[in-house]
Amino acid sequence: MNSFNGNIKTIQVNGNLSLVLVEVTPKLQLKAIVIDTPETAAYLQSEAPVAVLFKETEVIIATAEVPQISLQNRIPASIVSVEKGALLTKLKLQSDAGVLIAIISTDSASRLELEEGKKVIAMIKLNEVMLRGL
């Protein structure tokens with residue numbers, strides 16, 4: 001499980017859902033949609049410290065900026081290591097926020113010509129991001 005710490009910046013509520021913007025670094029903000037509100041979850045408060053969590057298998061890799069796509073959670077990173085298996089490839093990525101892991105198909109890793117040192121953008125759908133109060 002990937003994990004970054006940050007602080008909640010904004011919370012938009014509609015019914016029992018909240019769209020939460022978390023500042024991980026001054027240059028990196030991630031969004032999560034949670035089935036909770038400030039009234040039902042004490043950690044959902046402006047400036048509250050939270051952990052941002054997402055599975056390694058939920059990371060999408062791009063080798064260039066993709067302007068026309070709905071994914072808002074984008075983390076610029078460099079590949080530190082590539083472990084290719086028969087079906088899956090594990091990428092260790094270094095970003096300004098820290099290290100994260102992505103697991104993608106080996107076919108995709110080969111097609112994208114992923115190798116150590118290559119710059120990539122790790123993307124995560126906001127409904128795949130979880131928050132935990134600290």
Side-chain angles (χ1 to χ4, degrees):
M1 183 77 64
N2 289 300
S3 179
F4 296 128
N5 291 339
N7 291 321
I8 294 176
K9 289 299 166 191
T10 63
I11 304 168
Q12 293 177 275
V13 178
N14 186 2
N16 64 348
L17 295 176
S18 295
L19 179 61
V20 183
L21 177 69
V22 177
E23 183 177 82
V24 177
T25 72
K27 293 183 180 180
L28 179 61
Q29 297 180 339
L30 298 175
K31 289 184 180 180
I33 192 141
V34 295
I35 305 173
D36 262 319
T37 68
E39 289 75 32
T40 61
Y43 75 94
L44 287 178
Q45 302 299 323
S46 184
E47 297 303 321
V50 292
V52 178
L53 307 143
F54 50 94
K55 294 179 187 177
E56 295 87 346
T57 54
E58 299 299 339
V59 179
I60 299 160
I61 299 296
T63 56
E65 185 61 39
V66 186
Q68 300 299 321
I69 192 168
S70 65
L71 291 171
Q72 297 176 57
N73 291 326
R74 300 172 188 213
I75 305 170
S78 294
I79 299 174
V80 175
S81 66
V82 178
E83 295 178 31
K84 284 190 176 184
L87 301 176
L88 298 174
T89 293
K90 178 180 177 182
L91 303 171
K92 183 176 180 181
L93 308 172
Q94 180 65 53
S95 74
D96 287 344
V99 173
L100 67 140
I101 304 297
I103 297 176
I104 64 172
S105 73
T106 295
D107 287 345
S108 291
S110 295
R111 184 175 44 81
L112 294 172
E113 299 176 347
L114 299 179
E115 59 188 27
E116 289 181 21
K118 189 165 191 167
K119 303 276 188 213
V120 295
I121 299 169
M123 299 179 285
I124 308 97
K125 291 173 59 176
L126 62 90
N127 61 306
E128 300 297 345
V129 175
M130 300 170 276
L131 300 178
R132 180 183 70 224
L134 296 176

Looking only at heavy atoms, the pair that brings Pro76 and Ser95 closest together is O-CB, 3.4 Å
In short, Gln45 meets Pro38 closest at the heavy-atom pair NE2-O, 3.7 Å
Checklist entry - In terms of hydrophobic clustering (I, L, V, M, F, W, Y; side-chain heavy atoms under 4.5 Å; direct or indirect links), are Ile124 and Leu28 co-clustered? => result yes
- [ ] Give a yes or no on whether Asp96 atom CG has more than 12 heavy-atom contacts from other residues, nucleotides or ligands under 6.0 Å away.
- [x] no
**Prompt:** Is Leu93 reachable from Val82 through a run of I, L, V, M, F, W or Y residues, each pair having side-chain heavy atoms under 4.5 Å apart?
**Reply:** yes
- Message: Are the side chains of Ser105 and Arg111 in contact, using a 4.5 Å heavy-atom criterion?
- Response: no
CG of Leu17 to CD of Gln12, rounded to nearest 0.5 Å, is 12.0 Å
Side chain to side chain contact (heavy atoms under 4.5 Å, CB included) test vs Val120 passes for just one of Leu112, Val59, Ile79, namely Ile79
Taken to the nearest 0.5 Å, the spacing of Lys27 NZ from Ile75 CD1 works out to 15.0 Å
> Quick one: do Ile60 and Phe4 end up in the same hydrophobic cluster if we chain Ile, Leu, Val, Met, Phe, Trp and Tyr together by side-chain heavy atoms under 4.5 Å apart?
Replying inline: no
One should read off an interatomic distance between Lys119 NZ and Thr63 OG1, to the nearest 0.5 angstrom, of 13.5 Å
Are Ile121 and Leu91 linked, directly or through intermediate hydrophobic residues, by side-chain heavy-atom contacts shorter than 4.5 Å (ILVMFWY only)? no
Would you call Tyr43 and Val20 a side-chain contact if the rule is heavy atoms closer than 4.5 Å?
no
Practice task
Determine whether Lys9 and Glu47 make a side-chain contact, defined as any pair of heavy atoms from C-beta on separated by less than 4.5 Å.
Solution key: yes
- [ ] Would you check if Val52 and Leu131 make a side-chain contact, meaning some heavy-atom pair closer than 4.5 Å?
- [x] yes
d(Leu53 CG, Leu30 CG) to nearest 0.5 Å is 11.0 Å
dist Leu19:CG -> Thr10:OG1 (nearest 0.5 Å) comes out at 7.0 Å
Is it true that atom NZ of Lys118 has more than 12 heavy atoms of other residues, nucleotides or ligands lying nearer than 6.0 Å?
-> yes
Worksheet entry | Intermediate values then yes/no, side chain to side chain contact (heavy atoms under 4.5 Å, CB included), Ile104 and Leu114 | CA-CA 11 Å; Ile104 64 172; Leu114 299 179; 3.6 Å; yes
Donor on one side chain, acceptor on other, Thr106 and Thr89, under 3.5 Å: yes
Open item on the list: Salt bridge or not between Glu65 and Arg74? Use side-chain N to carboxylate O under 4.0 Å.
Closed with: yes
ask   = Distance-only, no hydrogens or angles: does the Ser18 side chain make a donor-acceptor pair with backbone N or O of Asp36 under 3.5 Å?
value = yes
Are Asn16 and Thr40 side-chain neighbours, meaning at least one heavy-atom pair lies under 4.5 Å? no
| task | Using a 4.5 Å cut-off on heavy atoms from C-beta on, say whether the side chain of Arg132 contacts that of Leu134. | result | yes
Is there a side-chain contact between Glu56 and Lys90 (heavy atoms, below 4.5 Å)?
-> no
One should read off an interatomic distance between Asp107 CG and Leu88 CG, to the nearest 0.5 angstrom, of 10.0 Å
Notebook entry, point to check: Out of curiosity, does Ile61 fall in the hydrophobic cluster containing Met123 (side-chain heavy atoms, cut-off under 4.5 Å, transitive links)?
Noted result: no
Applying side chain to side chain contact (heavy atoms under 4.5 Å, CB included) to Phe54 and Asn73, what does each step give before you reach the verdict? CA-CA 11 Å; Phe54 50 94; Asn73 291 326; over 6 Å; no
Are Val129 and Lys31 packed together at the side-chain level, in the sense that at least one heavy-atom pair is separated by less than 4.5 angstrom? no
